[in-house]
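Below: one structure, written as C-alpha cells.
Below, chain A is the first sequence line, B the second, and so on; all start at residue 1.
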There are 2 protein chains.
Amino acid sequence: MPDLSKLSERQRRMYDMIQEFLLENSYPPSVRQIGEAVGISSTSVVSYNLDKLEKEGLIARDRDVSRSIRILEQDGDGENGRSRFQPVVNIPFLGVIAAGEPLLVPDPDMMDAEEYVTVSPDLLPSRADAARELYALRVKGDSMIDALIDDGDLVIIRRQSTANNGETVVAWLKDERETTLKSFYLESDRRRIRLQPRNPTMAPIYCEPANLEIQGKVVGVVRRYD
Amino acid sequence: MPDLSKLSERQRRMYDMIQEFLLENSYPPSVRQIGEAVGISSTSVVSYNLDKLEKEGLIARDRDVSRSIRILEQDGDGENGRSRFQPVVNIPFLGVIAAGEPLLVPDPDMMDAEEYVTVSPDLLPSRADAARELYALRVKGDSMIDALIDDGDLVIIRRQSTANNGETVVAWLKDERETTLKSFYLESDRRRIRLQPRNPTMAPIYCEPANLEIQGKVVGVVRRYD
DNA sequence: CTTGACATAGAACATATGTTCATTGTATAA
DNA sequence: TTATACAATGAACATATGTTCTATGTCAAG
C-alpha cells in the first residue's frame, strides 16, 4: 500500500482525486481540473504539489505533455515505475459451462453479457484485437480434470467454429440443446464426432457432425485458490 | 463485438495505434501523435477519421478536451460504453520455479523484479492491497500435474512462511540452496516435512523443518494455450 | 526577533492541442 | 462528361494546458 503518511492533507486529496478521475473518465485530469476539484486556485500550487507526489514515487508525469499523470505501482521508483491504471480487456462472462453433464446454455452470440471479467493483456492471444473474439465461462464439474481444468476454473474461450483433434472446445449439441466442454475428435471415418471427457470415469459423447456446433475453444485457464 | 470491417485501412491503423499507445503510456495520445504514428500530416484528417471511429462506437471523445480518447467496450453504445481503462495489479515476475528437479533461485525478497505480469483484480485475494504480498513464477516441469498445474503455467504466489498440509508451496531448501514447488505436509511425528510432488512417477522430498523455508503458497494459476 | 525552508497565490507566458476553413483529390453513379 | 459524396490536405485559429516568475504567508529552529 502506498505510503501516504508523508503527504499533506492537500496532497492526499489530490492523489485521491486523480484516481477517482481516472476511473470515471478513462483519461487523466489536467492541472487545472485537479485544482478545481481540490480547491486550489493556482496552477503553480497544483504543480508544486504534483512534484511532491512524484518525489514520493506515487505518480509520474511527462514534461510539457497535457494530462500525462499516471499513478504508479506502490513500489514505483519514479522513472520506470509501472502504472496501476492500465488498459485491460473486459471479456464477457457468459455463465457456467458443464464439464460433466451438459447444461442448457443459449448461444453465446445471442447473449448480452451483463457481467465481465477483467483479463490482463498477458493472457490474451498475440493480437490485442483478438480480444473481441473472447468470452469467459466458469467450469462446473470435473470431467476435464485430466486436461488440468478443474471445477470452478475460469476458462477463456475464443469464438471459432472449427477445432483440431484434441483441442478443448465449447460444444453445442443442437438436438439436445445443450452445451458442454470437451475434447474434440473427428473420428477416423470422418462421419462421427467424439466429445471426449478428460476423466477416466466418464464416457465420451458421440454425435453426428450435423448435430454439433463448435462455439469456441479454450485459449486460457484462470484458477484462483480461496 | 467491435466490428472493424466497416473501417478503412487508415482507421484500423489509428485504432490499433490508440490501443498500443494506451498500453505503453497509460494515457491517451493526442490528435497530432496519432497523425505522426499513422503517417497523416493533417490534424483535420485525423480528426475526421476519429469522428468515424466514434460513429462506429469504437471510441469516445470529449469535445475541446486534450487527450480525451477512450476506447469503448466492444458493445459500446457511445454514451455508456465501458472503458477498458481500469486498475490492474502488476505483480513482480521473479522467474521460473521448478516443479521437478529443484532450481537454484535466490530469495524472492532479495530480488528486484525487472519484469511484471499484469493480473486482473479478479484473480486477487479479497483485499486488493494484499497484492504487494504477491509475486508470479513460471512453472518448469510437471511434478505438480496432479495438482492441475502444468509445465509452463504461471503461478501466483502469496508470500507467507507457513502452510497447511496439502497446500502447494514455494519451498526453499537451505542446505541444498534450491527452490521447488511442492505440496507441503508436516509428517505426523511433527519432526519431518514431506514435500510431495503431485506426479505418481516422482518421489517426495523429506527434510528437517530447520532446513526448510516456505516462501509462499500458490493462490492462483494462469494458463495460456498457444 | 530573525532566518530559512516550505507552501501558497496570482499573473504571465509558452506550448500543446483540438477545431474550423478553404481547397483539392478520388471514386462512383447518373 | 458531370455531379455528388467521401476523403484528404495545409493553414489558420482558438482554446486548453503546463511552466515560470515574483511576491507573500506560515512555521520551526536558532
Side-chain angles (χ1 to χ4, degrees), chain A residues 3-18 20-22 24-72 78-79 83, chain B residues 3-18 21-22 24-72 78 85:
Chain A
D3 181 14
L4 306 187
S5 63
K6 284 182 166 186
L7 302 183
S8 68
E9 171 64 17
R10 188 167 249 185
Q11 286 160 5
R12 274 197 289 272
R13 288 174 62 208
M14 286 170 60
Y15 186 72
D16 290 345
M17 180 275 178
I18 295 166
E20 289 161 15
F21 191 97
L22 276 165
E24 285 175 27
N25 296 279
S26 299
Y27 56 80
S30 67
V31 168
R32 282 176 175 78
Q33 282 171 320
I34 296 172
E36 285 161 17
V38 173
I40 302 175
S41 56
S42 167
T43 53
S44 70
V45 174
V46 176
S47 188
Y48 171 86
N49 284 291
L50 287 175
D51 287 343
K52 293 295 196 172
L53 293 176
E54 271 191 286
K55 285 202 176 75
E56 290 300 313
L58 295 167
I59 66 167
R61 297 196 285 166
D62 293 337
R63 183 182 174 80
D64 293 324
V65 174
S66 68
R67 300 178 187 277
S68 64
I69 295 172
R70 52 190 177 279
I71 290 188
L72 298 182
E79 180 171 353
S83 175
Chain B
D3 180 12
L4 305 187
S5 64
K6 286 182 168 185
L7 302 183
S8 68
E9 171 64 17
R10 186 167 250 185
Q11 287 160 3
R12 274 197 290 274
R13 288 173 63 211
M14 285 169 59
Y15 186 73
D16 288 346
M17 181 274 180
I18 294 167
F21 191 96
L22 277 164
E24 287 177 26
N25 296 280
S26 302
Y27 56 79
S30 67
V31 167
R32 282 177 174 77
Q33 282 171 321
I34 295 171
E36 285 160 16
V38 174
I40 303 175
S41 57
S42 168
T43 52
S44 70
V45 175
V46 176
S47 188
Y48 171 85
N49 283 289
L50 288 175
D51 287 342
K52 293 294 195 172
L53 293 176
E54 271 192 286
K55 287 202 176 76
E56 288 301 312
L58 295 168
I59 65 168
R61 296 197 286 166
D62 294 336
R63 182 181 176 82
D64 294 323
V65 174
S66 67
R67 298 178 188 277
S68 64
I69 295 171
R70 52 189 177 278
I71 289 186
L72 300 182
F85 207 97

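- Contact check, B:Asn49 against D:dA8: a side-chain N or O comes under 4.0 Å of OP1 or OP2.
- When every heavy atom of B:Val46 is checked against every heavy atom of B:Met14, the shortest pair comes out as O-CE, 3.6 Å.
- Atom CZ in A:Arg13 sits roughly 11 Å away from atom P in C:dT8 (whole-Å rounding).
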Contact string for nucleotides 14-25 of chain D, one letter per nucleotide 5' to 3', B = base within protein heavy-atom range under 4.0 Å, S = sugar-phosphate only, - = neither, reads --SBBBBB----
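- When all heavy atoms of A:Val65 and B:Arg67 are compared, the pair lying nearest together is CG1-NH2, 3.2 Å.
- Residue A:Ser66 comes nearest to B:Ser66 through the heavy atom pair OG-OG, 3.1 Å, listed as atom of the first residue, atom of the second, then distance.
- Scanning both residues, B:Val45 and B:Arg10, for their nearest heavy atoms gives CG1-NH1, 3.9 Å.
- Rounded to whole angstrom, the span from the CD atom of A:Glu36 across to the P atom of C:dG10 amounts to 13 Å.
- Screening A:Asp62, A:Ile69, A:Leu22 for a side chain to side chain contact (heavy atoms under 4.5 Å, CB included) with B:Tyr27, the sole residue that qualifies is A:Asp62.
- Rounded to whole Å, atom P of D:dA5 lies 18 Å from atom CG of B:Asp51.
- Looking at every heavy atom in both residues, A:Asp51 comes nearest to A:Arg61 through OD1-NH2, 2.8 Å.
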